[in-house]
Structures are given as structure tokens and as C-alpha cells.
Amino acid sequence: MAPPTSQDALLREDPTSRRIKKYTDEKSTMSSDDSDYELEGADVPLTKGGATRMKTREVRPKSKKAGYNVNVDVGGGRKKKGTITVAAIMAGILAALTVVGLVAGKFGFGPFAYWNLKGLPYGYGYRTEWWGPSPLGGTVPAWEESYAKAHKLVSQLTLAQKVNITTGTGWSQGMCVGNTGPVIDQKTGKEIFPSLCLQDGPLGLRFADHATAWPAGLTAGATWNKALIRQRGQLHAKEARLKGINAILGPSMGPLGKFPAGGRNWEGFGSDPVLQGIAAAETIKGIQSEHVIATAKHYIANEQERFRQTNEWQIPFSSSSNIEDRTMHELYLWPFADSVKAGVGSIMCSYQQTNNTYSCGNAKLINGLLKDELGFQGFVMSDWLAQREGVNAILAGLDMTMPGDGLLWQDADSLMGPVLSRGVLNASIPVERINDMATRIVATYYQFNQDNKELFDGEGPNFSSWVNDKEGYLHFGAGEGPKGVVNKFIDVQGKGKDAHGIVARKIAAEGTVLLKNEGDILPLQRGQWKGKKVGIYGEDAGPGKGANYCVDRGCNQGTLASGWGSGAVEFPYLITPLEALERSFNKSKDDLPKFTSVLDNYELTKTESSASEQDLCFAFINSDAGEGYLADGDVKGDRNDLFAQKDGDNLVLAVANSCSRTIVVVHAVGPIVMEKWADHPNVKAIIHAHLPGQESGNALVDVLFGDVNPSGKLPYTIGKTLEDYGPGAQLLYEANAIPPQQNFSDAGLYLDYRYFDKEDITPRYPFGYGLSYTKFELDQRSLKIDIVGKLTELPAPRPSKPLVEPPSFPTEIPSVSEVAWPKDFKKLHRYIYPYVNEDDIVIGESPYPYPEGYDTPSTLSQAGGAEGGNPSLWDTLIKVSVELHNKGPRDGQEVVQLYLSFPEGVKDVAGNDIEFPVRVLRAFEKVEVKNGDSKTVELELKRRDVSYWCVIRQNWVIPRGVFKVRVGNSSRDPGVEGTFKAE
Ligand code: BGC
């Protein structure tokens, strides 16, 4: 489409500035007496979502407004009971603004200087680089049919109906954490397009009953087992579908793990773009095979919790992740490219700013990289309140706002909804944009056959995120209106041999990494401990106060099986290590050892004296983290260090100093520093069991007793200190500016093992490392490296036109009547509608400040052209094969990893030196080989794998020279080596 001319721009409004005005107005006028609500003071029930945001307090209307008509037109007749944080939030904002004023003064900025930040030395961003117009969806054959159906449906809709599809109805106004507005035929009352239910998250179904608590993403990553990762996604989605969920808010692939202490790394799969990308793509394929939409999140560079969100950290702006172009492509964008290639239906943009523009309003990120270069066909939704601007964000490519509210939780003052309606009518937003937004969402729904009543019964979600009772308000957030059945308590966990717990146990066992096994103390032999004494130490072995004791698992107590935050779920049950151990030592009834346990980490004297009497001891320690809206003591989302928490180091020492056979078991959200005890002569074995989910204890004993031969590999490096990961891996704990600035150039491409290799630092355990009970060997003589494609410098040119023509719609501005409030309309409290009062449609009030360059269409990327980017980036160019022998005593699985070293002395077209990491993971396969047997393992390198991103050519380039291929079982294993040459 042709972008509007600057002449047109004179007739447009800027809703963003209205928001800010409103925000300050509210601040000055708000008092509890002015409010319709009074704070009741009681915390809402802990088990469901009502209490999870900023310690929400329950409110109720002072006087019951009688005679509400529920508006079936928009609300679908659903409503429940509400929560609000008005006073707390307002007080927080006042305090925050004061702090900002003071701090900003110190830094020489005016309080709102942010809005004018221009010209920062980074390549992306609305204010520094505009990319537009927003590319249309529907340009690839795989989506053609869905777009044709969507075109047909969207063509019949009014503006209000289209807006409803793009806008959440407000926090807790529907059953799920995100709910779009339904489209109802005004005349017949029939539903034309349903309200979509979006639900967290990457580890299971948040706030749902009778559903599986899966091992975390990090545990799945540690399996390095593609088929198992896919199965996890598939069964997770099956559960979602049976609960009436349209989209799962996962998998997570950002954070990528820049900061080992980052609070949400555990939701993703590991600190390497290739591992992360492959695991994400497998998960997406698994989820979408069940007709549920997967959401790749958080786009992009959301690497730490602190300062990620406005207001949450007493600063009204979120931090900025400043990334240069090559690092963006080779690290952070990489797994998203894999996700798009896998056909992902939706992508969630992140809270923080990227290059000083909010990620959800960053045209270079969304229009440019995602929709043009990667050819993304689905829709982009905001993280919850991550949309911080109205028109800007919409022009930048945001398709859906979640949960629908505006700048504050439950303010019902959406930055889409009526703003979008108004923006289209006054021509700030091109008609083509709203059509594309709605079409992308509807096409995604069709892409996964969600209109098929055999897959989705059309009744919507059958559980409530907010209450546990069977019946209640249908719109919880409204606090008024009709009631009905909100929880049907449908058990979706599978039964008998199809119970999902069986697969969860398998993943947890395969995601358990054996780090040390001196004298082959493991596997333990059943029956051989008869009459012996076994001591089990540490809170992490036991049940604590119950698996669901804290909201969203926001505290570290009892055995650790999940991190905390929106990525956590209610455990249907949790098998503790203690109970599993106590029933696993015997072969027959009477050959159990005598067990002793001390589950209090701080009872060190008792532990020490008890351990001295044992033949075998287990020391359980852990380290927890999670999303930044919850804190456990001084762990405010991100970890403060990498040490075991709750005095874990001293616990291990107390046990190991007294017990000559000590096995240490770690449950943690990532690496922990083990230097105080890893070399202790009595520490015979170390196991990192990650976050195993509900089957924790069972999976652990499977490995301890050798029912499962361990095959997990570290999805990150375990360093000897946090400092060993490098200066670029240190989280920003104190604001260094307003907004806080994080310059990713401090690490560049040197993430995790790449930094250790560069600086030649010996880790405690390297990336990719993990022991087995058998012995594998790769045969150097068998290594074959075949060039099977042309190693030309550049990929084939981008196809000259879209593979498929996207749908087109009339571009006339619709009539105001399309968004007029229906007659006799009674609004639900805090529910977001698309309608506007005619008086509110102000044309020509102020010129809309389009960004520089808005009138000139941006140049399409040569790296683009199809879903996942230029199709030739996905061509296999090199095939590698090698024989793997199992020379040990048992059958087992090994992860064969391919690391690539790029040629030396590479220069770009301008003669600049191009540096490369020593080696980078590029492919892996997990293979099962019987004892005494061998197998040929085949690995492939695609064009993207052997290219670097050239910032000058703005394309992927294969450098000339000799590449080294190393195949081994960790990033430090010399394994077998060969070369190939690009001439
Ligand atoms: C998180 C997202 C999550 C959303 C909905 C946000 O706070 O960052 O990952 O999907 O909430 O719960």
C-alpha cells in the first residue's frame, strides 16, 4: 500500500499523548472518595490468578448498580468478580514520578526527555529507524487457504468487529489470561468469530485444574531429544485444546541466557541460539499438530526481569536492550527465525525497549525483521501491558493488544479498542492496517482448523483462571453481571498407558544431567543396601508446605520442580525425591535400608552428626528464580548470584565432611557455582536435575538406579564463578540511566561457552556436557564431510514478488456508524469495547507525528522472501556423518554435537576484519546405541549455519576459506575433526 502523505498526516491525532495526559490527570485527581470502589483489604484467594498481579486486592462496588443488562453483543454474556489495585498503583506512580524527577535531574534529563530520545547510536527503532509500511500477511502457499477464508470473513465485518478481534477485553474479563472480543452478528445474535482464549504458558496450563505440570523448558532443553521435546509440546497442546484454549503463550526463547542469573531463563531451552531454536521449533510443531496456536515469546532481548517493565521497578520506563545488527541476527533473532520457519502462529513482543523504542512499537523489529525479513504470517500480540503507545505501535506492526487494558492493569483504557477505531476513522491508521491485523488473526485461527467443531467444541474455555468454584461470575474482572458454570473440572492428563505423567517422567529423567560419578558409585544397585543406613538431607528433598503453597510458585520451599511466574502452573501432584527414594532401594519386601532424613537446611549440626552415621548420603540443594512481579525475599525475579540458595553450600559440606559416600542432587533454574564442594573427596556423584515438574522424584530414582541411563547434557556452561561468564553476562541491578540502558555490545556474540572459549577459561562443566553409565566413542576414520550444495557467498536473490498475493480489501474509511455504541447499551464494568462516542472522533485536532521516512516504503530485505526468510537459507549445503560406538556396559543414548569454526582472516566487502567465536554449535542428534553396537550419525549444515550476518550487505554471507567441523559430546570435547573449504 502507499503510505499516507504528509499532507494527510496533518489531519491525525496522537492518542499516545492523550494517554499521558490522562495518566497525569488521574494521578492528581484520584482519591478513594472519588472512586466508585472501596478497597476491602482482604487478599483474594491464593490459588488462582486473582491475586497474582502486584499483590492485587479485592474491591467491590460501593453501591450495587442495579438493572445491568449484559451485553451479549460483545460480552457473550459472561462475567465474574473483580480485583483492582487503583490506590496502590497510583501511590506507586506518584512515588515513581518523584524518583524519576530526581534521578533524571541528576542525569541531566527532563522527566519526559525519553519521548524525545533520538539519534542513539543503535540501528533499530522507531525513532532512529522507521520500517514500513507494515507487510501484509498471506504471502506464502502454506497459508494461502487460511488467508482466503480469513479474507472472506473479514470482508463482512464492521470496523468495530475487526477491532474486537485485535483487542483483549481487559485483565480477567474472560476465563483466560488473555481473551479477545467475540464477533457477534448484531441482528441474529449469532457468533461470527469467537473470543480467543490465550493461556500461559511454556510449562503447562497456568491456573488450570487437572492438567500436567511438565518439566520446564530448560529441562526439556537438557534432554537434547528432538522427538521428546516435540512430544512434550504435542501433549501440552492436547491438554490445552481439551480445556478450550486457542493459543498457548509459549514456547519461550527470549531470554536466551545472556545473563546466567536472569530470572526467566528456565522457561526457555538453553543458552545457545541453535539449541534454543531447534527446541523451540520442535515444541511449536508439537503444539500446532494439536491445532493449538503456539506463541514464540518474548520478542526480543528480554534478558532480565529487573527494569523489564514500566512501573514495576519504580521507574515509569522500561530498560532498553541495545543490540547491534550482527548480534541481533546471529543470536537473538535466530530462534525466532526457526520458529517462523516452523510455521508459528503468533509471536509475543516483549516488555522492554529494544534500542530505545518499546519492542511492541518498534517498526524495525516487527515490520522489518519479523514480517518482512522472516516472512512471519501469523499475528503479533503484545506481552501483558507491553504496548506503550497507540498509533505508533499499530503502525509498527502490532496486531493484538493484551490483555486489552492500556498503560495500567485493569484501567480498561485500551491503546487499541476505541483508540484503534478512532485512529482508523481519522486516518491516522491506514484502513489496510486494521484489515491486515484482523486478517492475520483470523487466518491463524483457520490455519489450525479451530473452526472444526470436532477439535474445538465452540463452547470456549471450560475452566476459569480466577476462581476455583464451579459457578461464578462469567466476567470476573467486571465484578457484576451474569453467573454460570465457570469450571467444569475436565481431566486432561490422559489415562493408563496414555497418562501424560509417563512422558513427563521420561523428559525429567532425560533432562537430568550426571556431572560427576566417581568410582562409578552410580547406578545404585537395588537390594544391596539391606541393613545399611541411608541419609537424606536438605529441604529440597521433601514436600515443604506443599507444591502449590505460593502464588504462581513464587517462593522457594520444599523440593524445587518449577521456577515462578506466569510460566508456572498448579501442580496436580508432585512426587518428592524423599518419597521416591524411600520406596526405591529394595528388590523385595525386606531388603530396605534404614532411612534418616533432616529436611531443614539450617540444622547443620544435626545434619553433620546424622550424616556421620550413614553408609550413603544424599544432599539436596537448589536455586530458584522467576518472573519479576513476584519476589522471594531478596530474589526479585532474577537471581542475585549463582550460589545454591538456602545455605546449600554449607549443607553439602556438612554432609560430605561426615559421610564418605555423598551424592549431591541439584534442582535449579540454571547453572550454580559448585566450587566449594565439587572436588570434595566424599562427593562421589553430582546430579543436576533442573526443574523436573510433577514427576520429580520418580525421574530422579530412574536415573539413580539405572532404569534410565543418563543422557542429559548441560544446556549452558557451569562456570567456577559468575565473573567467569564475562562482563557482558552481569545483570543490571542498579539503574544506570533513565531508562536503564543495557548495551549488548559488551558481550556481542560471546554468549556462554563462546566467552569461555574466547578467553580460554576452564569451566567447571562445559556446555553440552553430561555423563552416561556407558562409554561412547566417535570413530575419527569414519568421519565424512560432503559438500552437497553450492557454497556461493550469497543466498539466491529474494523472489521478486510474493509467492502468493495477499488478500486485498477496499481502502475507503468506514462510516462512523460502524463503531457507534449499540442502542440501549449497558457496559460491563472495566470491559473493553471497540465503540466510540461520535463526539470523541476528533479530526484535525493535532497533526499526527509520523516518524521520519514514513512516506517512503522501506527496502525489502534480501534475506527475506518466504516463511523463515529467504528459502535458500534453509538449503542443506554440507552433510556430515560419523560412526558412534557404544563400548561400555549398557545400552544408552548419546548426544552427538557438531561445532563449527569459521575460517580465519575473514574480511567483509569494506575490508573490515570479521571476528568469529572459536566454535559454535550448529547441529546435534541424540541417538540410542545398544551396548557393543555402533550407529552412523548424520548431521546437516544449512546455508544459514555456515554464514555470518554482514551488516554492510545486509545479508547472510558464506566467508571464503577453510571451515573446521568438530563433532563431540560437549563444547570442549576434542571429539573428531575435519574440514571443508568455501572457495
Ligand atoms: C509475561 C508473559 C505472559 C503474560 C500473561 C507476562 O507478564 O511476561 O510471558 O505470557 O504475562 O500471563
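Numbers for residues simply follow the sequence, beginning at 1. Atoms within each ligand, like the ligands themselves, are counted from 1 in listed order.
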As an exercise, identify every atom of ligand 1 less than 4.0 angstrom from a heavy atom of [X].
{"X": "Lys297", "result": "2 (C), 3 (C), 9 (O), 10 (O)"}
{"X": "Arg206", "result": "12 (O)"}
{"X": "Asp383", "result": "1 (C), 2 (C), 3 (C), 4 (C), 6 (C), 7 (O), 8 (O), 11 (O)"}
{"X": "Ser566", "result": "1 (C), 2 (C), 3 (C), 9 (O), 12 (O)"}

Does ligand 1 have a heavy atom under 4.0 Å from the side chain of [X], from its backbone, from both, or from neither?
{"X": "Tyr351", "value": "side chain"}
{"X": "Arg264", "value": "side chain"}
{"X": "Met402", "value": "neither"}
{"X": "Arg308", "value": "side chain"}

- [ ] For atom 3 (C) of ligand 1, state which one of Asp200, Val177, Leu249 supplies the nearest heavy atom.
- [x] Asp200

- [ ] Write out all pairs satisfying salt bridge (Lys or Arg N to Asp or Glu O under 4.0 Å) with one or both partners inside residues 257-266, taking only residues at least two apart or from two chains.
- [x]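 Listed by first then second residue: Lys258-Asp746, Arg264-Glu267, Arg264-Glu627.
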
Assess whether a salt bridge exists between [X] and [Y], defined as any Lys/Arg side-chain N lying under 4.0 Å from an Asp/Glu carboxylate O.
{"X": "Lys243", "Y": "Glu239", "value": "no"}
{"X": "Asp209", "Y": "Lys488", "value": "no"}
{"X": "Asp200", "Y": "Lys297", "value": "yes"}

Open item on the list: Quick check on ring-ring contact (aromatic ring centres under 6.0 Å, His included): which of Phe269, Tyr716, Trp266 does His690 satisfy it with?
Closed with: Tyr716

TODO: Return the set of residues passing side-chain hydrogen bond (donor to acceptor under 3.5 Å, both in side chains) with Thr295 (not counting sequence neighbours), or none when no residue passes.
DONE: Ser346

Open item on the list: Students often mix this up, so state it plainly: with edges at 30° and 60°, are the rings of Phe207 and Trp466 parallel, tilted or perpendicular?
Closed with: tilted

